[in-house]
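Taking it in order: structure first as structure tokens, then the write-up.
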Amino acid sequence: LAKTTQPISMDSYEGQEVNITCSHNNIATNDYITWYQQFPSQGPRFIIQGYKTKVTNEVASLFIPADRKSSTLSLPRVSLSDTAVYYCLVGANSGYSTLTFGKGTMLLVSP
Amino acid sequence: SAVISQKPSRDICQRGTSLTIQCQVDSQVTMMFWYRQQPGQSLTLIATANQGSEATYESGFVIDKFPISRPNLTFSTLTVSNMSPEDSSIYLCSVEAPGPLTGELFFGEGSRLTVL
């Protein structure tokens with residue numbers, strides 16, 4: 001499974017756009033990139049998934065360059081409630097995938 | 001989507017005892033996954049539980065320490081045996097989204113165990 005590298009922590013202020021970049025140099029051809037969000041005392045929650053280029057949903061956007069060796073999770077106009085740990089995972093998009101969680105990025109949003 | 005309920009949500013246990021964590025899913029799923037999250041750490045996969053067969057354990061985890069049951073397609077249990085303070089963690093049950101394959105995982109709220 002491809003190993004991922006993310007910043008350990010990031011700070012932001014309410015209303016700003018936050019971009020969290022994840023490096024996955026050894027990503028395989030059939031690997032997808034998935035991001036999860038985890039609040040304290042809760043299980044992780046799926047945010048977004050992509051394979052290439054750009055994916056957008058109601059929560060975030062995911063930018064993936066052509067070489068797919070990195071990806072950027074973009075959170076528009078963050079609020080205090082976006083304070084959480086964000087995990088980037090890389091793995092095959094199959095019904096029997098066992099995704100590996102890296103260390104994650106602790107995002108702290110301040111007023 | 002899938003809704004996952006875990007019991008207990010938290011417990012304080014004595015060294016040397018065992019505790020069984022239950023995981024109930026509101027839909028039938030093929031695979032269920034058990035994770036451990038130690039304080040301040042990321043999630044580590046313990047094992048994958050498939051209904052009707054023995055669980056598959058990841059490196060560093062063994063059946064004698066973490067026996068798993070999977071009696072049907074909506075339920076699983078994880079037992080933490082002969083506990084020590086090092087087993088103090090959050091244990092999370094997870095399933096893949098039912099329906100078309102997406103690779104999306106759903107998690108329970110976790111069971112926070114403290115071993116004294």
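Note that the structure is predicted; figures quoted are calculated from it, not measured. Proteins get letters first, then strands, A, B, ... in listed order; numbering begins at 1 in each.
- Note on A:Phe46 and B:Leu45: same hydrophobic cluster, where clusters join Ile, Leu, Val, Met, Phe, Trp and Tyr whose side-chain heavy atoms are under 4.5 Å apart, directly or indirectly.
- In this structure, A:Phe63 is not a member of the same hydrophobic cluster as A:Met10, with clusters built from ILVMFWY side-chain heavy atoms closer than 4.5 Å.
- Per-residue counts of heavy-atom pairs under 4.5 Å with chain B were compared for A:Gln42, A:Gln38, A:Arg45; the largest is that of A:Gln38.
- For A:Tyr13, the OH atom sits in a loose shell: 12 or fewer heavy atoms of surrounding residues, nucleotides or ligands are nearer than 6.0 Å.
- The cluster map of Ile, Leu, Val, Met, Phe, Trp and Tyr, joined by side-chain heavy atoms under 4.5 Å apart, puts A:Leu73 and A:Ile27 in the same cluster.
- Contacts from residues 101-110 of chain A to chain B, taken as heavy-atom pairs separated by less than 4.5 Å, involve A:Phe101, A:Gly102, A:Lys103 in sequence order.
- Scanning for side chain to side chain donor-acceptor pair (under 3.5 Å) contacts around A:Ser23 gives an empty result, with sequence neighbours left out.
- Only the side chain of B:Leu92 comes within contact range of chain A, judged by heavy atoms closer than 4.5 Å.
- Heavy atoms of B:Gln41 lying under 4.5 Å from chain A belong exclusively to its backbone.
- Atom CG of B:Leu105 sits about 8.0 Å away from atom CG of A:Leu89, to the nearest 0.5 Å.
- Hydrophobic cluster membership differs between B:Ile90 and A:Phe39, with clusters built from Ile, Leu, Val, Met, Phe, Trp and Tyr side chains linked at under 4.5 angstrom.
- Using a 4.5 Å cut-off between non-hydrogen atoms, the part of residues 107-116 of chain B that approaches chain A consists of B:Phe107, B:Gly108, B:Glu109, B:Arg112.
- Hydrophobic clustering (ILVMFWY, side-chain heavy atoms < 4.5 Å, transitive): A:Ile64 and A:Ile20 are in one cluster.
- Not counting sequence neighbours, A:Lys69 has no partner by the salt bridge (Lys or Arg N to Asp or Glu O under 4.0 Å) test.
- Within a 6.0 Å sphere centred on CD of B:Glu54, heavy atoms belonging to other residues, nucleotides or ligands number 12 at most.
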